[in-house]
Protein chains: 2
Amino acid sequence: MSKSLPKAAPASSSPTRRSPPEAQPSHPAGGLSIAQVAEQAGVSVATVSRVLNGHENVRPATRDKVLAAVDASGYRVNELARNLRTAESRLLLTMVPDVGNPFYAEIVRGIDSVARQHGYFMLLCDTGADPGRERSYFDLLRRRRADGAICLDPATIQQALGEASSALPWVACCEFDPATGVPYVGIDNYRAAGDAVRHLLARGHRRIGLINSDVDYLYARQRQQGYLDALTEAGITPDERWRMNLNSLDYEAGASAAALLMQQPHAPSAIFAVSDTLAIGVIHGLRSVGKRVPDDVAVVGFDDISLAAQIDPPLTTIAQPMRELGETAARLLLQRLANPLANVPGVLLPHRLVIRRSA
Amino acid sequence: MSKSLPKAAPASSSPTRRSPPEAQPSHPAGGLSIAQVAEQAGVSVATVSRVLNGHENVRPATRDKVLAAVDASGYRVNELARNLRTAESRLLLTMVPDVGNPFYAEIVRGIDSVARQHGYFMLLCDTGADPGRERSYFDLLRRRRADGAICLDPATIQQALGEASSALPWVACCEFDPATGVPYVGIDNYRAAGDAVRHLLARGHRRIGLINSDVDYLYARQRQQGYLDALTEAGITPDERWRMNLNSLDYEAGASAAALLMQQPHAPSAIFAVSDTLAIGVIHGLRSVGKRVPDDVAVVGFDDISLAAQIDPPLTTIAQPMRELGETAARLLLQRLANPLANVPGVLLPHRLVIRRSA
DNA sequence: GTGAAAGCGCTAACAG
DNA sequence: CTGTTAGCGCTTTCAC
């Protein structure tokens, strides 16, 4: 898509070619321009611009005059104009599939903190809020409203990898494909899943269920493989009826999946869910069919969101270094921005098994 | 949270302007300009612009020529330039204090959906990620990088109400002050808190604790007053030792506050927490000091996030109409944008007591 | 129906 | 040190 935006607010958005500047911060929508400040200060626009941008070569007296005029008028630079001129927006986009999933919050913080450190604003987009996908947030990049993007949404990442979007300044986080040349950061999902399963194995479980997300996603396939191989290595033949694939990470999805799993004649004695939100749902679902955790069924989650320690029983889970994931993603992006041609690497961060009471 | 997207049908996306950039992969970060498209199509820039913006007065043949050129070149409009010219960005900002708090997620979705419906992009800012507050997101407004904003962060709202920011195109959500003239949407916090307390009263409790957030916030004061008055009306003299004020809504904050509350000689038999996240922490904290919910201590929360139904025991809480809150906020903002002078009202939405097992 | 040209507000040469 | 000037890429009169 391109144009033909609904423009629902019609011409009514009357541009308000506003009045001459009163000596007050009363900017109705018209906005002061640098020229007016220049006039008021009795200097040229160039000088005002220099002062505004902190250039050195301005006589202190002049600088003060300008600053005074700026202050008096309540002038604010129009970044639209500045950005057009400098061809950069100093805005970074972060796309998450669901802002409601706490897993992303900490990652987002990591991104935000390094973005801010480098003079960028980070803005968040909830890709899940746009099921239609008619308006890709990548368009914000193509249309230069943002300088770069970090994508945390596996669906969007897959789609972007499919298109020829790899030339765009973006970085994949958590879901990635080393083959594509798009920089990424994530963890070793295969090993992490294996670790989870091996923990269950060590606890004596042999019927271990897997509640996974959509295997269209790379991370889901990797975790599934880790699960499968760990089982096999333990001499157990995985039973397909122990596996479920969900297209949601919501609590409810986990709850109903668990209930379903338990209906089977030879139901699992342990469940590995690929996300803490799912796992929390699983525990709820188990309880709703009269199973106790971990006595009847053990549960292992994935992510280690802060909630994991709060629920009853506290959740055993695979911790991802969320903050670092975000920080690294941001750094990679900044690197790519600074040097568009440089080869930005993919990086894998360590995970960790956190043992609590659910398994 | 809501269902995350099922995998996106790859690339079948926009039937309109999907363009194989292969034809002209020259994306040297410089970007194609409308002039080049014009040249390639053998028309003037004005005509290209007309086509791009769906103006009627263009001969079909010409239009097709232009569209072909656009497609072939993979051209994307530079919105920086467009926005400078039209003096609008079609971007809406939403400020939340903590993207990790699920309460905001659904509100954000409401905002996003109506924003999108009206041809706006909504971008999220986590104000909590910027404790220093040196770089106010309101500056994005002042500097015209966004057309309008919705603020959900009580701290930011208070600060903005204090400054002369009321001239800026923004709307307050959940935290608000009718006196300031800034449009707002929220609920009747006083009555809602009263309802929660009256429920506890009806269950026979007389020692009812309050775990509140910072009373610097209006909503916190309103809820406190509701709590106080409900107690008084029942003939109970509120005991100050039953009240705690926290500067965080995190689980951990709720947990330690609850533990602290229980240390008292004559500890409450019920606790009203002003947020579900707090309440969940409270339950955890109670459990950690050996108290069972609701048998030993009853707990009621506030918000009704989706998690509330999942935990053990399921949480009794005051439900806020989150989706509607968001939708309404967006509509108010759009209204204000369409007519900067119009008097945009404040609106109060209904809340609801949801009785589950924790109280 | 289409084109030429005038800016939107700002920064960055280039002169002085 | 400071001013003049030329655009950044786009939309939009105003002519033709």
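Values below: every heavy atom of this structure, side chains too, minus hydrogens, waters and symmetry copies.
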Nearest-Å distance, CZ (Arg63(A)) to C1' (dT2(D))? 13 Å
Nearest non-hydrogen partners of Val99(A) and Arg109(B), listed with the distance: N-NH2, 4.2 Å
So, does Asp98(A) use its side chain to make a donor-acceptor pair with the main chain of Gly128(A) at under 3.5 Å? no
Could you give the CD-to-P distance, from Glu56(B) to dT2(C), as a whole number of Å? 13 Å
Starting at CD of Glu79(A) and ending at P of dC8(C), how long is that distance when rounded to a whole Å? 19 Å
Assign Ala87(A) to base, sugar-phosphate, or nothing according to its heavy-atom contacts below 4.0 angstrom with the strands shown. nothing
Is there a side-chain contact between Arg50(B) and the phosphate of dT11(D), meaning an N or O under 4.0 Å from OP1 or OP2? no
Output the single nucleotide from dT4(D), dT11(D), dG9(D) whose closest atom is nearest the side chain of Val45(B). dT11(D)
Side-chain N or O of Arg59(B) closer than 4.0 Å to phosphate OP1/OP2 of dG1(C): no
Could you check whether the rings of Trp170(A) and Phe138(A) sit parallel, tilted or perpendicular, using 30° and 60° as the cut-offs? perpendicular
Side-chain N or O of Arg85(A) less than 4.0 angstrom from OP1 or OP2 on dG7(D)? no
Of dG9(D), dC10(C), dA5(C), the nucleotide closest to the side chain of Ser33(A) is dC10(C)
I want to check one thing: is the phosphate of dG3(D), taken as OP1 and OP2, less than 4.0 Å away from some side-chain N or O of Ser44(A)? yes
NA contact type, Asn83(B), heavy-atom cut-off 4.0 Å: base, sugar-phosphate, or nothing? nothing
Under 4.0 angstrom, heavy atoms only, what part of the nucleic acid is Asn78(A) near: base, sugar-phosphate, or nothing? sugar-phosphate
Picking from dT12(D), dT11(C), dC1(D), the nucleotide nearest the side-chain atoms of Thr62(A) would be dC1(D)
Round to the nearest Å and state the distance from Asn57(A) atom CG to dA12(C) atom C1'. 12 Å
More than 12 heavy atoms of other residues, nucleotides or ligands under 6.0 Å from CD of Glu39(B): yes or no? no
Which heavy-atom pair separates Arg336(B) from Leu168(B) by the least distance, and what is that distance? NH2-O, 3.1 Å
Whole-Å gap separating C1' (dC8(C)) and CZ (Arg145(B)): 17 Å
When rounded to whole Å, the CG to C1' distance for the pair Leu84(A) and dC8(C) reads 9 Å
Among the candidates dC10(C), dG3(D), dC10(D), find the nucleotide nearest to the side-chain atoms of Ile34(B). dC10(D)
Figure out the CG/P separation between Leu32(A) and dC8(C), and round it to whole Å. 14 Å
Are OP1 or OP2 of dT11(C) and a side-chain N or O of Thr86(A) less than 4.0 angstrom apart? no
Applying a 4.0 Å non-hydrogen cut-off, can you work out what Ser49(B) is touching in the nucleic acid: base, sugar-phosphate, or nothing? base
Any idea which of dA12(C), dG3(C), dT12(D) is nearest the His55(B) side chain? dT12(D)
For the CG atom of Asn343(A) and the CG atom of Leu341(A), what is their distance to the nearest 0.5 Å? 10.0 Å
Figure out the CZ/P separation between Arg142(B) and dG9(C), and round it to whole Å. 19 Å
